[in-house]
Amino acid sequence: MKKVEVIIRPEKLEDFKLILKELSISGMMVSNVMGHGKQLGYTQQYRGTKYSVNLVSKLKVEVVVKDAELADLLTLIKTKLSTGTVGDGKVFIYNVEDAMRIRTGETGDSAL
Ligand SMILES: Nc1ncnc2c1ncn2[C@@H]1O[C@H](COP(=O)(O)OP(=O)(O)OP(=O)(O)O)[C@@H](O)[C@H]1O
Ligand SMILES: [Mg+2]
């Protein structure tokens, strides 16, 4: 299993939900986060702001998926969520050791 941590523009959440629907992925969690990437939170560099950092509101969407689902998920994220402008976000991918559904005790892929 993999955990996919996707930082997106808040207005892209509905598109993200459609991606999960298309792939029949059933679980997700969403948090509000603040952050910056390469541009330090500025879309343009003005004199005087060069050394300060601005935090931009984003959503962090976390989804744990089967290994076999990862490639399609990444493809759809790229094709549906890219606007081509800076700040589109980023995906971090982690190995997941195991999972368990508390109600039934199922583990592994069956727990997702
Ligand atoms: N290296 C990183 N570590 C942790 N969080 C990051 C990192 N890079 C980006 N983020 C998070 O992702 C959000 C969006 O980043 P962003 O898309 O601007 O990345 P970027 O590397 O600047 O790419 P781009 O040049 O396309 O803007 C940031 O606001 C921050 O929350
Ligand atoms: Mg950026």
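Remember, predicted model here, so these are calculated numbers, not experimental data. Residue indices begin at 1 and follow the sequence shown. Computed from heavy atoms alone, side chains included, the values below leave out hydrogens, waters and symmetry copies. We count ligands from 1, going down the list as the structure has it; atoms in each ligand are counted the same way.
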Run the side chain to side chain contact (heavy atoms under 4.5 Å, CB included) test on Ile19 and Leu23 for me, step by step, so that the C-alpha distance in whole Å, both residues' side-chain angles and the decisive distance to 0.1 Å come before the verdict. CA-CA 6 Å; Ile19 293 173; Leu23 297 176; 4.2 Å; yes
What part of Leu55, side chain from CB on, backbone N/CA/C/O, both or neither, has a heavy atom under 4.0 Å from ligand 1? neither
Without swapping roles, check the side chain of Arg101 against the backbone of Thr107 for a donor-acceptor pair under 3.5 Å. no
So which of Gly89, Gly37, Ser57 gets nearest to atom 17 (O) of ligand 1, if we judge by its closest heavy atom? Gly89
Proximity of Val86 to ligand 1 by residue part, where a heavy atom lies under 4.0 Å: both
Distance under 4.0 Å to a non-hydrogen atom of Lys90: what atoms of ligand 1 satisfy this? 8 (N), 9 (C), 19 (O), 20 (P), 21 (O)
So does Lys12 get a backbone contact from the side chain of Lys80, meaning a donor-acceptor N/O pair under 3.5 Å? no
Under 4.0 Å, heavy-atom basis, I'd like to know which part of Lys58 is in contact with ligand 1: side chain, backbone, both or neither. side chain
Check this for me - ligand 1, Ile7, N or O atoms closer than 3.5 angstrom, yes or no? no
Sort out for me which residue in Glu97, Glu69, Glu62 forms a salt bridge (Lys or Arg N to Asp or Glu O under 4.0 Å) with Lys3. Glu62
Please report whether atom 23 (O) of ligand 1 has a protein non-hydrogen atom at a separation of less than 4.0 Å. no
Those atoms of ligand 1 less than 4.0 Å from some heavy atom in Asp88: 17 (O)
Any donor-acceptor N/O pair, Asp88 side chain to Thr83 backbone, under 3.5 Å: yes
Side-chain heavy atoms nearer than 4.5 Å, only ILVMFWY residues, links allowed to pass through others: does that put Val61 and Leu20 together? yes
Any nitrogen or oxygen of Val33 lying under 3.5 Å from a nitrogen or oxygen in ligand 1? Just yes or no. no
